[in-house]
There are 2 protein chains.
Amino acid sequence: MARDTRAQLVSAAARLLDQGGPAAVTLREVGRLAGVSHNAPYKHFADKQDLLAAIASRELTRRSAIMADAGPASPVERLRQIMRGYIAWARAKPARFKLTFGAWTRGNDELGEAAHLSRRRLIDTVAAAQAAGELPAGDPDRLAALFLALAHGAADLALSGHLSAPGKGSADPEDLLDDLIGYLRGNAAPRSGEEFANPMTAPRPA
Amino acid sequence: MARDTRAQLVSAAARLLDQGGPAAVTLREVGRLAGVSHNAPYKHFADKQDLLAAIASRELTRRSAIMADAGPASPVERLRQIMRGYIAWARAKPARFKLTFGAWTRGNDELGEAAHLSRRRLIDTVAAAQAAGELPAGDPDRLAALFLALAHGAADLALSGHLSAPGKGSADPEDLLDDLIGYLRGNAAPRSGEEFANPMTAPRPA
DNA sequence: ACCTGAACACCGTTCAAGT
DNA sequence: ACCTGAACACCGTTCAAGT
C-alpha cells in the first residue's frame, strides 16, 4: 500500500513534469492525481526536490535497462544505437532529460547507483569497439565520455534551438554523432581485412 | 532614467540568479535591489520569463564580444581558446549558462541576434582552420556544431557531476576538447611542410 | 511614461490530530 | 506507519491610483 502510493506519486509527478516542466509539478496536483491529500507526499519524500530526484532516479534506472537491449550488431553499431537512443529520449521527454542532468545538491545514493550502471554499459561497449579495431585505442572511460558529451550537448542544444541557425536545419544531433564516429574510425588502427567503408555493411565479428 | 532602471533590474536579477538559481530571482527582491517597488519590473518586462530572457540575451551579447578577443594564434588554437572560454564560462556562472540554453517559448529577437553573432564567429574560425589544413574539410557549419555540441555537453555534464565516475576525476571538459581536436587533426589533410606535432609549437600561418 | 500600495490566487511547508 | 485539514509565509500578477 505504502510503496504503491509512493510509486503513484512519482508517476503523477513525472506526468505533470512532461506537461509543463518543473513548475507544473505542484504537490497539490501530484496528490490529487494520486488520490491523496496535498501533503501526503511529505510522508514519502523530504520535500519537492526529493520528489523530483525520485523521478530522475527512476528515469536513469529505466534507461540503463533499455541500454541492455542492444541487438547483435557490431560493437560500434551498438554504440551508435545507444547514443541514438539517448538523443531520442531527450527529444521525446525533454523535461525529464533536463531534470535528470540538473544539479543535485543532495547526494541521493539511488540516483548515483543508476548513473553508474548506465556509464558501465557505455564504457563496456566502447571497449568492445576498441578491441574490434573499430575505434582508436586509449582509455575507454575517456572515449566514452567523449561520446556522451557530444550526444548530450547536441541533444541539449537542439532542444533549446541553439544547435544550428534558424534557417539551416542540416545539423541534427544524429548527424553529429555519425560525424564523430566517422572521424574516429579514420583514426582507428584497422585490423587485417577490415575496410571501414559503409558502417552498415562493414564486416562484424561473430 | 528609464533605461537605467531596466539595466539595474537585469543586473540585480543576474546577481540573484548566480546566488540561488532561477527560484531565487523573485521580483520583490529584484525590485528591492534596484531600489524600486516589487512590481516596477512589470513596466519594463512582460513577466518574470521576460526578465530572465533579458539576462540570457545580455549574457550572449557579452560572450560574442569576448570571442572577438582571440589572440594572434593559429586558427585551430583560436578555436581551442574560444571553446575553453565557453567551458570556463559554464563553470564560473553555471546558472547563467543553464538559463541561456533553457527552452525559450517566446521568440525574443534580441536573443536570436546575439546567438547568431556568436555562431558566426565560431564558424569563421573553423573555416579558417580548415583553410590552413588544420582541420578536415567539409561544411564548416557542421564542424562548428560538432565542437559546440561537445563543449556544451562536456560542460553541462561536468556541472551535474555526470561526466565521469565519482572516483576518477580524469575526464575534464578541457581534456575532451583536446581529444576531439587531436582526432580531427589526424583526419586533416596536412599542407606541405606541416607536421602536426605539439599543437602549441606547430607552424602557424603568418 | 513610470512608479506605488493593496489585493488575489497559488504554492511549499509545518503542525496538530486522526486511524 | 500513513494520512488529513487548517494555517503560515511567500510569490507572480493585476488593478486602481498617483506624479
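Letters A, B, ... are given to chains in the order of the sequence lines, protein chains preceding strands, and every chain is numbered from 1. From a predicted model like this one, the values you see are computed outputs, not experimental measurements. Side chains are part of it too, since the values below use all heavy atoms of this structure and drop only hydrogens, waters and symmetry mates.
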Next on the checklist: Between A/H38 and A/K43, which residue's closest nucleotide on DNA chain D lies nearer the 5′ terminus?
Outcome noted: A/K43

Checklist entry - Please give, in whole Å, the distance from C/dA16 C1' to A/Y42 OH? => result 17 Å

Next on the checklist: Please name the nucleotide paired to D/dC8 by Watson-Crick or G-U wobble geometry with both distances under 3.5 Å, or report none.
Outcome noted: C/dG12

Next on the checklist: Nearest whole Å is fine: how far is C/dG12 C1' from A/Q49 CD?
Outcome noted: 12 Å

Checklist entry - How is A/V30 classified with respect to the nucleic acid when contacts are heavy atoms under 4.0 Å: base, sugar-phosphate, or nothing? => result nothing

Next on the checklist: Between P on D/dT13 and CG on B/D50, what's the gap in Å once rounded to a whole number?
Outcome noted: 10 Å

Checklist outcome for this item: Separation of C/dT13 atom C1' from A/L27 atom CG, nearest Å, is 9 Å

Checklist outcome for this item: B/R32 atom CZ is separated from D/dC10 atom C1', nearest whole Å, by 15 Å

Checklist entry - So, is B/T26 close to the D/dC10 phosphate, meaning a side-chain N or O under 4.0 Å from OP1 or OP2? => result no

Checklist entry - How far does CG of A/D47 sit from CG of A/L27, to the nearest 0.5 angstrom? => result 8.5 Å

Checklist outcome for this item: Taken to the nearest whole Å, CG/A/L51 to P/C/dT13 is 10 Å

Item to check | Interatomic distance where CG belongs to B/L16 and C1' belongs to D/dG12 [whole Å] | outcome: 15 Å

Next on the checklist: Looking only at the side chain of A/N39 (C-beta and beyond, no hydrogens), which of the listed nucleotides D/dG5, D/dC11, D/dC2 gets closest?
Outcome noted: D/dG5

Checklist entry - Nearest of C/dA7, C/dC3, D/dT4 to any side-chain atom of B/R28? => result C/dA7

Next on the checklist: What's the gap between D/dC3 and C/dA16 when it is taken at their C1' atoms, as a whole Å value?
Outcome noted: 13 Å

Checklist entry - Going by an N to O cut-off under 4.0 Å, is there a salt bridge joining A/R119 and A/D124? => result no

Next on the checklist: So B/K48, base contact, sugar-phosphate only, or nothing? Heavy-atom distance under 4.0 Å.
Outcome noted: sugar-phosphate

Next on the checklist: Does C/dC3 have its OP1 or OP2 closer than 4.0 Å to a side-chain nitrogen or oxygen of B/H44?
Outcome noted: yes

Checklist entry - Passes side-chain contact (heavy atoms from CB on, under 4.5 Å), A/L163 versus A/D156? Steps please. => result CA-CA 8 Å; A/L163 186 57; A/D156 199 39; over 6 Å; no

Checklist entry - In terms of ring plane angle, is the pair A/F101 and B/H162 parallel, tilted or perpendicular, where the classes change at 30° and 60°? => result perpendicular

Item to check | Pair assignment for C/dA1, Watson-Crick or G-U wobble, requiring both distances under 3.5 Å | outcome: D/dT19

Next on the checklist: Output the rounded distance in Å from CG (B/D47) to C1' (D/dC11).
Outcome noted: 14 Å

Next on the checklist: Please determine whether a side-chain nitrogen of the Lys or Arg among A/R91 and A/E174 lies less than 4.0 Å from a carboxylate oxygen of the Asp or Glu.
Outcome noted: yes

